[in-house]
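Quantities reported herein were computed from a predicted structural model and do not represent experimental measurements.
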Amino acid sequence: MAKAPILTPQAEDFPRWYQDVLAKAELADNGPVRGTMVIRPYGYGLWERMQSEMDARIKACGAENVYMPLFIPESYLRREAEHVEGFSPELAVVTHAGGKKLDEPVVVRPTSETVFGEFMAKWIQSYRDLPLLLNQWANVVRWELRPRMFLRTTEFLWQEGHTAHATRDDGAAYATRILLEAYQDFMVNVLAMPVLVGVKTRRERFAGAINTMACEAMMGDGKALQMGTSHELGQNFAKAFDIDFLDAGGQRQLCWTTSWGTSTRMLGGLIMCHGDDAGMRVPPRLAHVQVVVLLVRDEDGSGEAAQALVDRLVAAGVRARLDAHTSASFGRRATDWELKGVPVRIEVGPRDLKEGKVTLVRRDEDGKVAVGLDAVPAAVAAALLGVQDGLLAAATARRDNRTVSVGTIDEAAEAAQSGFARIRWSVLGEQGEEVLAAKAITVRCLQNPDGTIPAEIDDEVVAVVARAY
RNA sequence: CGGGGAGUAGCGCAGCCAGGUAGCGCACCUGCUUUGGGAGCAGGUGGUCGGGAGUUCGAAUCUCCCCUCCCCGACCA
């Protein structure tokens with residue numbers, strides 16, 4: 001008798017599939033306040049790995065971590081006109097505290113450009129203080145009208161970097177460096193997501209920025225997800241917060257600032273990029289559980305053998321975990337680990353052990369292979385590399401198969417129903433962008449024909465358009 | 001805010017029209033048999049039926065008021 005599928009099949013209802021994965025892989029629950037979420041241990045473990053990998057890359061780019069307060073005076077937001085206009089509709093404002101009405105309302109940070117601006121102004125006096133490269137890991141709140149778990153929640157976790165530079169070129173170079181060396185490198189090499197990089201159109205630009213760059217990924221249903229952004233803020237915030245310095249010639253000058261962020265949204269992107277009808281598929285370099293050793297049944301010393309195998313793998317630097325819950329059936333446990341997307345599973349039972357073997361299964365492929373006990377560490381290492389490459393190759397193939405180059409706006413609208421469309425920006429233009437926006441299609445980024453970030457918007461520049469989350 | 005639905009066990013739902021003191025599936029607990037692909041059988045735990053008022057001998061069910069949530073449209077990491 002055919003069993004009902006564990007998850008709603010992707011082809012039947014992709015959003016429903018996504019919700020099913022969140023619940024069945026024990027990633028997150030809805031919080032009690034609309035738009036909030038409770039991140040469960042398995043989901044949070046993935047976020048911690050993301051933090052760890054991203055943090056190392058950010059520090060390699062020279063930035064240091066700080067912590068700024070959750071509460072911001074409302075007046076700060078008002079100092080930068082575009083910024084307040086962009087964010088005021090989604091602010092959470094505290095008007096009462098300590099049992100009385102506050103003289104000045106306090107906003108819960110939606111992002112921290114303003115507080116960083118205020119304090120960078122204090123800390124920067126001389127050109128010798130530049131560049132000032134700061135980052136923080138924090139929660140922020142934006143009162144979203146239509147929340148979606150991980151993708152758009154009222155409160156989310158992120159890192160936000162804020163830097164100040166002596167020249168426009170230096171700021172632009174740093175914003176680009178973060179986008180490429182921290183963000184793109186992490187997304188491609190750890191998350192196995194082949195993100196596109198490019199600049200945003202004026203319509204899609206961050207509130208208060210003079211240039212916004214982004215990493216854009218394609219999800220399993222062909223829609224786009226912005227995975228991270230890096231902004232040149234010009235001198236807008238420097239003007240608003242008096243971030244200035246004395247240059248080598250003793251002249252007072254305004255700084256050029258940047259900001260850049262990636263969030264728990266990446267977790268949603270990871271699920272929708274690699275997941276299949278059996279659940280998540282977590283790339284090994286990210287996975288906090290890279291290998292699960294599944295004890296089939298505890299007989300004839302198989303329990304001890306499984307534990308010894310886990311110990312050997314851990315000693316070899318593999319993030320391995322033992323599943324010895326033999327009170328649950330084999331099939332149930334195998335299914336549960338597949339839902340969680342653990343890259344490699346090793347099945348240990350008396351039948352194979354009798355021949356000195358165990359069974360190895362890759363999450364990204366069908367089929368199992370028998371491996372001699374002594375050969376397990378090498379086989380695991382090879383399998384982990386294989387899954388990492390396999391996931392990136394599959395995501396890249398899908399992105400390329402579902403991206404078409406078109407010559408007209410109508411063709412772009414048609415192509416964006418199932419994937420990405422590439423159209424010359426000189427053909428589309430801001431008017432064409434409005435036409436597509438009416439059909440819920442947006443310009444995800446502008447690129448050079450070879451996929452690099454354009455230094456200037458010339459006739460060669462290509463717009464990548466798609467429906468987006 | 002505009003339009004459409006729904007609130008009954010942890011989750012998913014039936015019961016409501018034709019009032020009689022709450023039921024099904026999953027989950028959970030106990031026992032036995034199982035365990036190499038979502039176990040089976042038996043027994044069991046768990047609900048002031050979103051809140052309040054009213055009608056009635058009696059309300060999940062009928063009436064009124066309130067609250068909340070979800071889905072579809074305009075913003076966003």
Side-chain angles (χ1 to χ4, degrees), chain A residues 1-8 13 15-16 19-20 23-24 29-35 85-91 109-113 138-148 150-161 183 200 203-207 209 212-217 225-231 259-269 278-279 294-299 302 323-339 345-354 357-359 361 366-368 370 437-440 442 468-469:
Chain A
M1 200 165 73
K3 287 167 182 138
I6 292 162
L7 302 169
T8 303
D13 185 343
R16 180 82 176 275
Q19 294 293 337
D20 286 352
K24 298 210 171 171
D29 275 335
N30 279 308
V33 173
R34 175 188 164 78
E85 191 184 331
F87 279 106
S88 51
E90 51 190 56
L91 289 181
R109 61 179 166 218
T111 178
S112 307
E113 273 75 7
N139 58 340
V140 288
V141 167
R142 300 178 187 178
W143 217 258
E144 298 290 352
L145 300 180
R146 288 196 58 190
R148 275 182 73 107
F150 286 121
L151 303 177
R152 195 189 308 110
T153 48
T154 294
E155 179 188 6
F156 57 94
L157 307 180
W158 76 342
Q159 60 69 213
E160 51 176 321
Y183 293 178
K200 289 289 182 181
R203 188 178 190 278
E204 301 287 327
R205 198 178 285 160
F206 177 74
T212 290
M213 294 173 282
C215 296
E216 293 283 335
L225 182 73
Q226 181 171 301
M227 292 281 287
T229 48
S230 186
H231 314 289
S259 71
W260 25 278
T262 55
S263 72
T264 38
R265 167 181 280 188
M266 288 192 292
L267 197 34
L294 186 59
L295 178 59
V296 178
R297 49 164 80 187
D298 191 1
E299 289 172 9
S302 55
D323 177 353
H325 301 112
T326 51
S327 57
S329 73
F330 171 84
R332 160 59 63 130
R333 292 181 292 144
T335 305
D336 285 348
W337 289 114
E338 278 163 6
L339 279 165
R345 183 174 73 243
I346 298 175
E347 302 168 2
V348 178
R351 193 185 69 197
D352 289 344
L353 279 178
K354 214 171 289 177
K357 291 179 176 173
V358 295
T359 298
V361 189
D366 294 331
K368 308 183 175 189
K439 300 175 181 176
T442 48
Y469 280 98

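With both pairing distances under 3.5 Å, rG2(B) is matched to rC72(B) as a Watson-Crick or G-U wobble pair. Nucleotide rG19(B): unpaired (no Watson-Crick or G-U wobble partner with both distances less than 3.5 Å). A 3.5 Å limit on both hydrogen-bonding distances identifies rG43(B) as the Watson-Crick or G-U partner of rC29(B).
For W158(A), whose side chain is taken as the heavy atoms from C-beta onward, the closest listed nucleotide among rG37(B), rA77(B), rC75(B) is rA77(B). Comparing rA77(B), rG37(B), rG36(B) by their nearest atom to the side chain of T335(A) picks out rG37(B). When distances run from any side-chain atom of F330(A) to the nucleotides rG37(B), rA77(B), rC76(B), the shortest one goes to rG37(B). Considering only the side chain of E144(A), rC75(B) comes nearest among rG36(B), rG37(B), rC75(B). When distances run from any side-chain atom of Q226(A) to the nucleotides rG37(B), rA77(B), rA27(B), the shortest one goes to rA77(B). Of all nucleotides listed (rA77(B), rU35(B), rC75(B)), rU35(B) comes nearest to the side chain of V296(A).
Among the atoms of the strands shown, base atoms are found under 4.0 Å from some heavy atom of D352(A). Within the 4.0 angstrom heavy-atom criterion, no nucleotide atom of any strand lies near T442(A). Counting any heavy atom pair closer than 4.0 Å across all strands shown, A328(A) reaches a base atom.
Between the side chain of R345(A) and the base of rG37(B), at least one donor-acceptor pair of N or O atoms lies under 3.5 Å. Side chain R152(A) to base rC76(B): a donor-acceptor pair is found below 3.5 Å.
Ion pairing of K200(A) with E216(A) is present here, as a side-chain N (NZ or NE/NH1/NH2) and a carboxylate O approach within less than 4.0 Å.
With the nearest nucleotide of RNA chain B identified for both Q19(A) and E299(A), E299(A) has the one nearer the 5' end. Positionally, the nearest nucleotide of RNA chain B for K24(A) lies more toward the 5' end than for the other of K24(A) and E90(A).
Annotation: rG37(B) and rG3(B) have their C1' atoms spaced 47 Å apart (nearest Å).
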